[in-house]
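The next block holds one structure in the form of structure tokens; read it before the comments.
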Amino acid sequence: MSLNRPKNETKEMFDSISGQYDLINNLLTFGLHNKWKSEIVEIAKKKNPRKILDMATGTADIAIMLSNIKSCEIIGLDISSKMIEIGKTKINRLNLYKKISLDIGDAENIKYADDSFDIVTVGYGVRNFENLNKGLNEIYRVLKKNGTLIILETSLPKNIFINFIYSIYVIIYVQLIGKLFSKNFRAYSYLKSSAKTFPFGENFKKILLNSSFVDVQFKEKFFGASTIYIAQK
Ligand SMILES: C[S@@+](CC[C@H](N)C(=O)[O-])C[C@H]1O[C@@H](n2cnc3c(N)ncnc32)[C@H](O)[C@@H]1O
């Protein structure tokens, strides 16, 4: 299934906004993304993982939070070299370079062997894959048997009233922040349109099941503005 823009355009888009990504992310989610990301870590911690892949790691927020898990190696991969550069700076500043390694890498062609990871996490990444099925199949391949995939992704509130407020937020606030803070305004128009069209909730659960994952669960966050999916290999 191809839902998204060509990979080279996605890479260019994230390269161009990399310097402002963290700030904009905080503004757009009112800082709530940190809370949801820390929930990913809590879910991961319970599985006592030894090796985690944070796919589409971006500026490495999730990888950094995951480094709290004892005796666990974390690898972050992303197609945007500029996002990775910023992630590496943060990791060095925090002295976490022995626990976390970041590298350029494509979710649709993961450079690791089958059954390599206890957990794969993806924060706001799957929506950007050029070929979602290919990315999910690759993640499935590199997960160990009984391994866990944890995804955090944008979704849409179901409640009509909340949905109306959310639409206003997206149309006015997201565009405004995009205009004010980003050289690449196109990136935020894309964010707006892809949030509307990307499958979420039961529909995304079906996609995970079709990609051979089992025991798929999902939890809506902030009236459904984001959703955490947990799936097993
Ligand atoms: C919205 S950012 C999310 C970054 C980070 N995970 C977070 O939660 O803040 C999406 C990231 O997905 C990356 N990405 C998109 N397609 C990818 C692919 N096929 N393989 C690896 N990374 C990809 C982009 O470069 C970008 O850094």
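Computation of the quantities below employed the complete heavy-atom set of this structure, encompassing side-chain atoms and omitting hydrogens, waters and symmetry-equivalent molecules. Remember, it's 1-based here, ligands and their atoms both numbered in the order they're listed. Everything numeric here is computed off the predicted structure, so don't read it as measured data.
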In terms of residue, atom name and distance, what is the protein heavy atom nearest to [atom]?
{"atom": "atom 27 (O) of ligand 1", "answer": "D78 OD2, 2.7 Å"}
{"atom": "atom 23 (C) of ligand 1", "answer": "I79 CG1, 3.5 Å"}
{"atom": "atom 12 (O) of ligand 1", "answer": "A56 CB, 3.3 Å"}

Could you list the atoms of ligand 1 found under 4.0 angstrom from a heavy atom of [X]?
{"X": "N25", "answer": "9 (O)"}
{"X": "A107", "answer": "18 (C), 19 (N), 20 (N), 21 (C)"}
{"X": "M83", "answer": "27 (O)"}
{"X": "T10", "answer": "15 (C)"}
{"X": "Y124", "answer": "1 (C), 2 (S), 3 (C), 8 (O), 10 (C)"}
{"X": "E108", "answer": "19 (N)"}
{"X": "S80", "answer": "25 (O)"}

Under a plain distance cut-off of 3.5 Å, with no hydrogens placed, do [Y] and [X] share a side-chain donor-acceptor pair?
{"X": "E153", "Y": "T227", "result": "no"}
{"X": "N128", "Y": "T10", "result": "no"}
{"X": "R127", "Y": "T154", "result": "yes"}

Item checked: Pick from G87, G105, G135: the one approaching atom 21 (C) of ligand 1 most closely through a non-hydrogen atom ->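 Looking at heavy atoms only, the winner is G105.
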
Next item on the list: From atom 15 (C) of ligand 1, work out which of N128, T57, L152, N131 has a heavy atom at the shortest distance.
Entry: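 Comparing heavy atoms across N128, T57, L152, N131, the nearest one to atom 15 (C) of ligand 1 lies in N128.
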
Next item on the list: Treating Ile, Leu, Val, Met, Phe, Trp and Tyr as nodes and any side-chain heavy-atom pair under 4.5 angstrom as an edge, say whether F129 and L77 lie in one connected cluster.
Entry: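 Yes; tracing contacts between hydrophobic side chains, which count when under 4.5 Å, links both residues.
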
Are [X] and [Y] within salt-bridge range, i.e. N to O under 4.0 Å?
{"X": "D22", "Y": "K90", "answer": "yes"}
{"X": "K144", "Y": "D114", "answer": "no"}
{"X": "D106", "Y": "K7", "answer": "yes"}

Check: Can you find an N/O atom of D106 closer than 3.5 Å to an N/O atom of ligand 1?
Finding: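 There is such a contact, yes.
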
Note to self: Quick check: I62 and ligand 1, any N/O pair under 3.5 Å apart?
What the structure shows: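 No, no N or O pair falls under 3.5 Å.
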
Check: Is it the case that K51 places NZ or CZ above or below the six-membered ring of F117, under 6.0 angstrom from the centre and within 45 degrees of the axis?
Finding: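 Yes, K51 lies over the aromatic ring of F117.
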
Margin query: Just to verify, which of T59, V41, I100, I74 counts as forming a side-chain contact (heavy atoms from CB on, under 4.5 Å) with I64?
Written below: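 Going through the options one by one, the only one that passes is I100.
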
Checklist line | Member of D215, T148, D115 meeting the side chain to side chain donor-acceptor pair (under 3.5 Å) criterion with K233 | finding: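 Among D215, T148, D115, the one meeting side chain to side chain donor-acceptor pair (under 3.5 Å) with K233 is D115.
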
Next item on the list: With heavy atoms under 4.0 Å as the rule, classify the contact between K37 and ligand 1 as side chain, backbone, both or neither.
Entry: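 It is the side chain that gets close, since no backbone atom is under 4.0 Å.
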
